[in-house]
Structure formats: structure tokens, C-alpha cells
Amino acid sequence: MQRLEEAKKRDHRKLGRDLDLFSTNHEMVGGGLILWHPKGGLIRYLMEEHSKRIHLEGGYEFVFTPHIGRSVLWETSGHLDFYKESMYAPIEIDNQEYYLKPMNCPFHVQIYKSRVRSYRDLPIRMAEWGTVYRYERSGVLHGLTRVRGFTQDDAHLFCAPEQMPEEIDKVLNFSIDLLKDFGFDDFKLYLSTRPEKRVGEEAKWDAAEDALLQALQRSGYPYDINEGDGAFYGPKIDIYVTDALERPWQLSTIQFDFNLPERFDLTFIGPDGQPHRPYMIHRALMGSMERFFGVLIEHYGGNFPVWLTPVQVKLIPITDTQNDYAYEIARKLKDAGLRVEVDDSDARMNAKIRNAQLEKIPYMLILGAKEMDAGQVNVRLRNGKRLGAMALEEFIALAQEAIEKKIAI
RNA sequence: GCCCACAUAGCUCAGUAGGUAGAGCACAUUCUUGGUAAGAAUGAGGUCACCGGUUCGAGUCCGGUUGUGGGCUCCA
């Protein structure tokens, strides 16, 4: 009951409106299509920027592919056989049918195939923040967590069979490290094994399931096995995080794909000079930017860690005599890399504080005659704690440490 | 997509017995210069989701459509 109340307060749809993060508009835009407002957009920028940077450090290469592709692409990939009811109707141009992409894989496969690949090229880690569209039945749409257009932090790993165990290990650790950066540290892992209806040789299933299982054991996190719950094209690991209200959310997924390498006849030339079939691993770690954002909002109840907060510092001059002082402080804070707003409205200080609290701004700097004379700032935190007057440099150091360490206050 | 519920201002909601709409917040203008979560006045803002029916008259009753919420199923 209490938890229900708390969940209601943290509902990302409510906070999304209250904090001006995003909206939907079914009359004019369509259900399940998200409008990211400036503040939500900034958080998304920061999430993507952080993740992209560590992807580059982790040996991933970024690619960009179109939103539509000819029907022959989706026939070859098998999507028109197995996935058509989730795809938007085709667009016809010059007597050719083009489909909006529900997944990025076929395009990445085409990049792989654009030249002859040597075993020396592998592993190839191809990443794209790809926006995909899927027709989801009307009853299942929900805020940011179930939508019809979304951007996956997608990547495909192409590797030789002997590289596969190490790649699995890497991607699993990579995923957990990334989720930890966003404040999730309670994980539950699931291995989904071969279903009855499947493609691919038994030997490959054996190797893949074994590699996944060993990676799970090495990870040290609790895991379960969902017997027969894998996709028809390969086994997978799903990572569930537990949020602040102890609700599980599936974010990361790491999937083998025995289907596309066969259908598109992917090869690499081995040391023996002969063509070999590479392993292909599909993975999305945050899952989709939309769902991840929804979960993040609820996890923090809108009180984002300082590094992700759109406005980190609100300057509150007590009277308009302090407005110029506030602008001067704001300039110095911006120079120090902080995101700042000055509340120079003619509201009273109490109201300014209340508004900053409702906006869930982590730091409020109260600037009155005393502070201006002493050249100081008076710090109030969004949790109500007052740190009192201090030198600006002291505050900057304190805020920068919170940003650096990605801590929530 | 299925089952149940709901749809009044940007948001949260009132609307009593069917008699052609109200509050608070937000917004605008003005006054107010106030030390840690709401200073005050005035103003603007609605085809009561849409279509049809019953009625002298429908926000209110009936049917349909669309959308939303909760559950089921499915997924990033």
C-alpha cells in the first residue's frame, strides 16, 4: 500500500510532465511516439554522451544507417516472414516498397558484407544509436517504457568462434559497469536456452549456451536459467535491474544470432585461406533510450544524480538588489562547467525556494545582503539540508565532486 | 488485441434533481523588496473527447467511435 503510493508519486509519466521532461500527443502525433522536451533532451544527451564515450574506449565503432530499406532486405533477413505484424506498412516509391526499420541488424550486416573480411579484422563491434519503429498493439503502450518509436543503444559483434567466449565476457562486464554508472547496482541475470523451434546447428547452440553460462558464472552475480526461452535464432542473456522500489526491469539483452549470418551468407577468410561463418551477437545495454529514461526517472523519483540533472544550481537573490551579484556568480559557475539558472522573478525568496524544490534542483544558492557583502553563497540542498554560507570556490569544489563521482544527493 | 473503468480550462478536480459551466494551481498585468517549501489584487483562459439518439432543453440519460488508466498477452 505504502509502496503503491510511492510508486504513484514516482510515476515517470507524472514526473515527465511536472519536470517538463517529455510528452506524448496522441491527437496530433500518435500514441507511443515520444516528444523529448529540452530538459529531457539534455538528460538524454548526457546519457548518450557518457555511453558513447565508453563504447569508443571499449573498442566499438559507430555506424549510421537509414530509417527505411527495400523490402528485399527484410525478405532476406526473415523479418517479413516472422516479424511482419510488428512492422509499419511499406512506403512505395518508384514502384519499390520500403519498410520502416523495426531493427538495425540487417543494415549492420550489409556494412559487414561491403567488403571481404579477414580473421584479422575480427572482432568487429559495430554500434549505432538506431531509432526503430514497431507496431505495438494499442493496449500495451505505456509512457516511456512501451512505445512505438524508440532508439536502441544497439551493437552487433562479429567474431570468430574462438573469440566468442571472451567477447561474451567483455560485453557482460561492460553492460554491468554501464548500468552501475547510472546508479543501478542490484542485478539479476537470466540465461534463456534453445527453444523447440529453432535454426542453427546443435554444435553452435552447445558452444553458445556454454559460453553464456560460463560468463554468467564468472560474473559473480545471481542468475537463473529459463529453459527453452531463447529466441528461435539463438540463446540470450537478459539483465534485470532492481530499482529503488525493488521492482525488476529488463534493460540489457545479449543475444546470439545464428539466423542472419546464414541468411546473408556472412563469411570471413580464416588463416587457412578458406571462408568461415562468423558468430554474430546482438546486444542492447540500456535497451532503449526511452525505456531506460522511464526507469531512471522512477528509480530516482526525479531526483537525478547531479551529473544528469538538467539544472544543477538555482541562484536565488533575496531582493533585486542582489540580482547583479547573482548573475556574476552564475557566470563563474558556468565557467566552472555547471548548469545554472537565476531566479530573478519578483517572487519572494520562500516562493523561489519552493519552486526550486519542486523542480528538484539539487543546489540552491541563497544570495542576500549578507552573502553579497561577504562575497559568499548560502547553500541549501534539495533534501532540505542547509550547508550555510561558504566561499564560491568551496561550493564549486563540492558540486564538482558530486558530478565526478556521479553521486545523488 | 481482449476484460473492466474513465474522458469537464495547460495541470488537479467540483458540477448537487437534465435548465446552455466553477475552484485551486499554472499563465498575464500591477502592487509588494521579503532570510530557507506558496505575499496580494486584477485579468485572460472551456465547441464539457468526437458522432448520433431521447428530450421543449443534455456536461448530466442511451448507443457508437476515438483516446486514456488498470489487468491479461507480448516486448527494448
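Predicted model, so just to flag it, every value in this text is computed and none were measured. In the text below, chain A, chain B and the rest are named by the order of the sequence lines, each starting its count at 1.
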If B:C75 has a Watson-Crick or G-U wobble mate with both distances under 3.5 Å, name it; if not, just say none.
-> none
Electrostatic pair A:Arg146-A:Glu136, nearest N-O below 4.0 angstrom =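 Salt bridge: yes.
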Salt bridge A:Glu262-A:Arg277, side-chain N to carboxylate O under 4.0 Å = yes
On a plain distance test, is the side chain of [X] in donor-acceptor contact with the base of [N] below 3.5 Å?
X: A:Glu136; N: B:G1; answer: no
X: A:Arg134; N: B:C75; answer: no
X: A:Arg354; N: B:U36; answer: no
X: A:Asp18; N: B:C11; answer: no
X: A:Asn350; N: B:U36; answer: no
X: A:Asp346; N: B:U33; answer: no
X: A:Arg291; N: B:C75; answer: yes

Spacing of A:Asn25 atom CG relative to B:C11 atom P, expressed in whole Å |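 Taking CG of A:Asn25 and P of B:C11, I get 11 Å after rounding.
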Between B:G53 and B:G15, how far is it from one C1' atom to the other, in whole Å?
->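 Pairwise C1' distance, B:G53 against B:G15, rounds to 24 Å.
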Are the ring centres of A:Phe182 and A:Trp307 closer than 6.0 Å?
->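 Yes: the rings meet the under 6.0 Å criterion.
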Between B:U12, B:G34, B:U36, spot the one nearest the side chain of A:Ile366, thanks.
-> B:U36
Listed in order of residue number, which residues of residues 356-363 of chain A have a non-hydrogen atom at under 4.0 Å from RNA chain B?
-> A:Gln357, A:Leu358
